[in-house]
Q: 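Below is the structure I would like to discuss, written out as structure tokens.
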Amino acid sequence: MDKLHTLYYFLDLAGTFAFAISGATAARQRGLDLFGICAIAFTVACGGGIIRDICIGAIPPAGLTTWYYLATAIIATGMTIGLYSVVQRLNRPVLLFDAVGLSLFAVTGAQKALSYGHNGEVAVLLGIVTAVGGGVLRDILLNRVPVILEREIYASAALTGALIVVLGSYFKWLSSDWIAVIALTICFTLRILALRYHWNLPAFSKDKINRDNKK
Amino acid sequence: MDKLHTLYYFLDLAGTFAFAISGATAARQRGLDLFGICAIAFTVACGGGIIRDICIGAIPPAGLTTWYYLATAIIATGMTIGLYSVVQRLNRPVLLFDAVGLSLFAVTGAQKALSYGHNGEVAVLLGIVTAVGGGVLRDILLNRVPVILEREIYASAALTGALIVVLGSYFKWLSSDWIAVIALTICFTLRILALRYHWNLPAFSKDKINRDNKK
Amino acid sequence: MDKLHTLYYFLDLAGTFAFAISGATAARQRGLDLFGICAIAFTVACGGGIIRDICIGAIPPAGLTTWYYLATAIIATGMTIGLYSVVQRLNRPVLLFDAVGLSLFAVTGAQKALSYGHNGEVAVLLGIVTAVGGGVLRDILLNRVPVILEREIYASAALTGALIVVLGSYFKWLSSDWIAVIALTICFTLRILALRYHWNLPAFSKDKINRDNKK
């Protein structure tokens, strides 16, 4: 299973990079300065994991101690500033890497919460937080309603991945490595299909509410 | 005092439910999707307590480990979506339950901080945070200035309740159960009277500032 | 070095006061009520330190246990309401004290993280968070993009100060007291020069992006 861990490491970097690029791009579009762009890139990449670590008592949070997360955020900032036309052309691979990051963070977030001895509810909730927390912080800092709360299947894919990890660890269907691979695959597939076919969760627009009120 | 604890349990559920309904309603009005509505409902119900638990070192936070808080948020979401006209007619009882939640969370929040051995200042501040933190997080996520910072007596009622708990525990006037009942009653009464008579703390509008400037 | 610690204590109070005044002024201009103004003043003064303490495991956070921080926030609120014309005339000294607070919080934040046994990356990141976290929380609560992410050299000055503390503690050039004094002086000078000469980090406006797109 050593190869699996090397693969994880690569996927982790790819996901972190995609998250950082999405943060840096949004920050640049808002006209933030160099420091602001780098701060948002780092927040998207590490924010979710930092909240998870604070909640499970993993002090200091891994996002603050691991140098290559910070390095990834700085490289993403540099690319977004120096090679903006390249970054824009990378739109499709970035969406793909973003789905990789989403799946991996949901699965490893849930695993880490379980490994600290917490119960299944904590693991599912913090799996979701690890995956989407950074994006939510980005939108709070950029002063807009978090897109994951109104967009196509995103947090729900993270929920599915984290739930599979927790159920698998309770019922011990398979080794934890295999359960992680299955959870990753299902979460990733769900997200990619949602992107491809524009699947959305139902929303309830103001218009509908107004109609309800008029009844 | 067993009956008192059964009563607490009921009040806690009623308050949590009212908080979750207020979150779900606000999220629905903003056009969030199913996941977004549920996330905001859960945040309003548990957000304040989670911040308190992180600050006093109660890891993992009770809001993440207690299944019936999550269940309450899911039920509130279901009702807000499926029975929206009923929820709108529930406006008055919800305001009542909200005052119950405010009082109970302020009092139990301050008690929990004291029981972890922290000082009176921590207990008062975290009593307020427990009571109003969820509502503040809701407004941050929905991208508006937190209403509790500009509205009628709300956080001030929580402050009063938490302060009574702390003073009572220092001077040992009565048993802690009786002090909690008194703090609860005063906080709840203050909030209901403020709602009934539209009591407000003084604010200092832009107009007034402009007039000050012209002097 | 006893005199140095007395000086620190005075600088800490002056910086806290400046931060609280900036929070109270911004809150008053937004038309918040008495409680809201005080809450924002306290958040700006203590918010960064509270986040740092949560991340390094210093529970409960010093900002919640130290009575004179709360007292400073209350006094700043009182002055902003009762003596608003005085506060407006204090604009220049407040900017000066704000630079004092920025430098001191960056340096002491980094020192505290090191003293809890964390690595240099944690210390630099949390030095910055201590210095600018309160201001970021203020802007989130007042529903605007944090100014420090788009303004003249501010967070970068904090970064410089924290970095000097960390490098100094690794290479042991001098006693930690002397390193702190040097870091403080450089951070403060950088901030004052940036204010005086309107130094900015490069930003990348929407116009520029549009031009890039048209290429």
Q: With a strict 4.5 Å heavy-atom criterion, list every residue of residues 35-57 of chain A that contacts chain B, or say none.
A: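 Expected list: A:I54, A:C55, A:I56, A:G57.
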Q: What pairs meet the side chain to side chain donor-acceptor pair (under 3.5 Å) rule with one or both residues in residues 119-145 of chain A, with sequence neighbours excluded?
A: A:S22-A:R138, A:D139-A:R144
Q: Can you list the residues that meet the ring-ring contact (aromatic ring centres under 6.0 Å, His included) rule with A:F171, with sequence neighbours excluded?
A: A:W173
Q: Holding to side-chain contact (heavy atoms from CB on, under 4.5 Å), I want the full list of residues that pass it with B:L159, two or more places apart in sequence or in another chain.
A: B:V124, B:I128
Q: Taking all atoms of both residues into account, what is the closest heavy-atom pair of A:V122 and B:L64, and its distance?
A: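 Closest heavy-atom pair between A:V122 and B:L64: CG2-O, 3.5 Å.
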